[in-house]
Peer 1: 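One structure follows; several queries about it will come next.
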Amino acid sequence: MTYRDFDTYLKKYPTPDGRFGPYGGAYLPDELIPAFKEITDAYETICHSAQFINELRRIRREFQGRPTPVYHCERLSNRLGKCQIYLKREDLNHTGAHKLNHCMGEGLLAKYMGKKKLIAETGAGQHGVAIATAAAYFGMECDVYMGEVDIAKQAPNVTRMKMLGARVIPVTHGLKTLKEAVDAAFDAYMKEYKDAIYCIGSAVGPHPFPMMVRDFQSILGIEAREQFKEMTGLMPDVITACVGGGSNSIGFFTPFLADPVDIVGIEPLGRGPAVGDHAASMAYGSKGVLHGFESILLQDENGEPSPVYSIASGLDYPSVGPEHAFLRDLGRVKYETISDEEAMEAFFLLCRCEGIIPAVESSHAVAYAIRYARTHNTGSILACLSGRGDKDIDFVTESYGYGEKFNLD
Ligand SMILES: *Cc1c(COP(=O)(O)O)cnc(C)c1O
């Protein structure tokens, strides 16, 4: 399918049962079916009301500081050739990343539904901080489930969540990381769904979450498309974003689907293609079910999720949002990989050429823009800078110093 076929795409997908072609759906224990039905029904009525839309607009403007700008990287572009690189600056969104866009939407929905508590899981703690921020804003309780291993690794984010009034609940079974935290959050939600709502961290999980997170994150692409047109009078030739679970990317891509624009999602190649060294689900995965939805999954021969790794902890998830798998099959979005080394070169180049310290996750999208500019000496590429890198500076300097091994001068 080409872009011309996408005029009616949003009306058709997901289907009422949450399917994007063969992907998506809701694989739930019986006890949770009514809870997810309640969220789906509420989303379909409340979120399309003028009152909800107006309140969310006001929150985005006054609390989050939206719209975030599109920025032309002139020095970086000139250094590489004639292709022009632009960034959508989600690092300037409140809390320093895009995740707050869907958390504020989910928090507002919870308020309209009369819920008193937000329940979430977190890995690196970025989603936990965003959901704790939303809970504080709406005056709700907040329980964040987090693996004990991650709690030890991510002390600053644990402090932030507690400062914002959230309870951080250690998960002590299994590997004590993200997968177990998701299981624990589901268990808690099963017991508390009358008073609480579950807020997943990306465009993944059972229906309606992939759709809901996409819709709330679409503000990224809606703003960027208008801003880019106003700045240049044109459409970008290519747009790109990093893909962990796929929330910043699906929100960025959706408003461009029916435009003559190439769309490229970037997965983390980590240290290389061996099992356990990367988290490039689309490049090396196959169809499977994880965390209540069907998609492309890195798995062993028994269907157990494979170990994953990336220098960017926000990208190391063994699957990907179901809509990404569908858009790839339709041929509308291409997926490429970027290694740790390429991402880190981009990290330092952006610091030095533009005065922007990017999140290591977002550096994967910047790295693709750099690769594209080096190989296409014309046109333009617009990358989503999903977040700022303050959270990463200690780790980066420990492992890479100030980027001495890269040619930055
Ligand atoms: C969490 C995170 C990501 C990855 O999540 P997606 O759902 O794939 O967008 C990317 N960038 C930043 C800054 C993050 O915090």
Side-chain angles (χ1 to χ4, degrees), residues 68 87-103 105-106 120-133 150 154 156-157 160 178 181-182 199-205 209-210 212-221 240-254 264-268 279-282 291 293 295-296 308 310-325 327 333 335 338 343 346-347 350 356-368 383-393 395-396:
T68 58
L87 299 176
K88 175 63 170 167
R89 296 286 308 275
E90 282 308 290
D91 59 318
L92 299 176
N93 193 34
H94 179 44
T95 70
H98 70 286
K99 286 200 177 70
L100 196 65
N101 297 327
H102 67 256
C103 289
E106 288 169 346
E121 80 292 330
T122 196
Q126 296 299 106
H127 177 56
V129 170
I131 207 72
T133 302
D150 291 329
Q154 308 289 343
N157 276 341
R160 283 186 193 105
L178 180 62
V182 174
C199 299
I200 209 159
S202 188
V204 297
F209 282 99
M212 205 159 87
V213 171
R214 171 196 75 189
D215 293 351
F216 288 137
Q217 287 294 350
S218 290
I219 190 65
L220 289 182
T240 189
C242 65
V243 182
S247 67
N248 88 90
S249 47
I250 202 72
F252 195 54
F253 296 165
T254 299
V264 185
I266 306 302
E267 295 194 303
S281 323
M282 297 275 225
H291 293 152
F293 68 104
S295 187
I296 298 295
V308 282
S310 162
I311 192 169
S313 49
L315 301 181
D316 62 358
Y317 185 64
S319 184
V320 62
E323 193 167 8
H324 284 286
L327 289 170
V333 180
Y335 293 83
I338 287 285
F347 175 97
L350 198 66
I356 298 170
I357 302 177
V360 174
E361 289 81 4
S362 325
S363 301
H364 287 71
V366 178
Y368 182 76
C384 184
L385 193 75
S386 52
R388 68 178 181 225
D390 305 50
K391 67 185 178 60
D392 299 317
I393 56 175
F395 171 75
V396 165

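Throughout, residue positions are numbered sequentially from 1 according to the sequence presented. Both ligands and their constituent atoms are indexed starting at 1 by order of listing.
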Peer 1: What are the atoms of ligand 1, with element, lying closer than 4.0 Å to any heavy atom of G387?
Peer 2: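 In order of number, 13 (C).
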
Peer 1: Would a distance-only check, ignoring hydrogens and angles, find a side-chain to backbone donor-acceptor pair under 3.5 Å from N248 to A241?
Peer 2: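 Not a single qualifying donor-acceptor pair exists.
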
Peer 1: Please identify which atoms of ligand 1 are closer than 4.0 Å to at least one heavy atom of G246.
Peer 2: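 So the answer, numbered in order with elements, is 6 (P), 7 (O), 8 (O).
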
Peer 1: Give the atom numbers and elements of ligand 1 that come within less than 4.0 Å of a heavy atom of C242.
Peer 2: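 So the atoms of ligand 1 that pass are 10 (C).
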
Peer 1: Closer than 3.5 angstrom, by distance alone: can the side chain of T240 be matched with the main-chain N or O of G265 as a donor-acceptor pair?
Peer 2: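 No, T240 side chain to G265 backbone: no donor-acceptor pair under 3.5 Å.
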
Peer 1: Under 4.0 Å from a heavy atom of E361: give me the atoms of ligand 1 that qualify, with their elements.
Peer 2: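 This gives 10 (C), 11 (N), 12 (C) as the contact atoms.
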
Peer 1: Using a 4.0 Å cutoff against the non-hydrogen atoms of S202, which atoms of ligand 1 qualify?
Peer 2: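 By the 4.0 Å cutoff, the relevant atoms are 6 (P), 7 (O).
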
Peer 1: Between S247 and ligand 1, which residue portion shows a heavy-atom distance shorter than 4.0 Å: side chain, backbone, both, or neither?
Peer 2: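 Near ligand 1, S247 shows its backbone as well as its side chain.
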
Peer 1: A97 versus ligand 1: do any nitrogen or oxygen atoms come within less than 3.5 Å of each other?
Peer 2: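 Among all N and O atoms of A97, none is under 3.5 Å from an N or O of ligand 1.
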
Peer 1: Which atoms from ligand 1 have a heavy atom of G244 less than 4.0 Å away?
Peer 2: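 Answer, ordered by atom number: 8 (O).
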
Peer 1: I'd like to know if the side chain of E267 and the backbone of S281 have a donor-acceptor N/O pair within less than 3.5 Å.
Peer 2: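 Pair found, side chain donor or acceptor close to backbone of S281.
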
Peer 1: Of the choices N93, N248, V213, D392, which has the non-hydrogen atom that lies closest to atom 9 (O) of ligand 1?
Peer 2: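 That would be N248.
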
Peer 1: Parallel, tilted or perpendicular: which fits the ring planes of H324 and Y335, with parallel below 30° and perpendicular above 60°?
Peer 2: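 If you compare the ring of H324 with that of Y335, the planes turn out perpendicular.
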
Peer 1: Which protein heavy atom lies closest to atom 11 (N) of ligand 1, and at what distance to 0.1 Å?
Peer 2: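 Checking every protein heavy atom, the shortest distance to atom 11 (N) of ligand 1 gives S386 OG, 2.7 Å.
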
Peer 1: Would you say T133 and H94 are linked by a side-chain donor-acceptor pair, where the criterion is simply a distance under 3.5 Å?
Peer 2: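 Absent: no donor and acceptor within the cut-off.
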
Peer 1: Taking S362 for its side chain and S386 for its backbone only, find out whether a donor-acceptor pair lies under 3.5 Å.
Peer 2: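 Judged by distance alone, yes, a pair lies under 3.5 Å.
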
Peer 1: For the residue pair E90 / T68, report whether a side-chain donor-acceptor contact shorter than 3.5 Å exists.
Peer 2: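 Yes - a donor-acceptor pair under 3.5 Å links their side chains.
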
Peer 1: Which atoms of ligand 1 are found less than 4.0 Å from any heavy atom of A359?
Peer 2: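 The list of qualifying atoms is 13 (C).
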
Peer 1: Between H127 and C103, is a side chain to side chain contact (heavy atoms under 4.5 Å, CB included) present by the stated rule, with each step listed?
Peer 2: CA-CA 8 Å; H127 177 56; C103 289; 3.6 Å; yes

Peer 1: Note the single closest protein heavy atom to atom 14 (C) of ligand 1, along with its residue, its atom name and the distance in Å.
Peer 2: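 Looking only at protein heavy atoms, the one closest to atom 14 (C) of ligand 1 is K99 NZ, 2.9 Å.
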
Peer 1: Residue-level breakdown please: for H98 versus ligand 1, do any non-hydrogen atoms fall below 4.0 Å on the side chain, on the backbone, on both, or on neither?
Peer 2: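 The answer is the side chain.
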
Peer 1: Please step through side chain to side chain contact (heavy atoms under 4.5 Å, CB included) for the pair H364 and S310, ending with a clear verdict.
Peer 2: CA-CA 11 Å; H364 287 71; S310 162; 4.2 Å; yes

Peer 1: Starting from atom 4 (C) of ligand 1, what is the nearest protein heavy atom, named by residue and atom, and what distance separates them?
Peer 2: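 For this ligand atom, the closest protein heavy atom is G314 O, 3.3 Å.
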
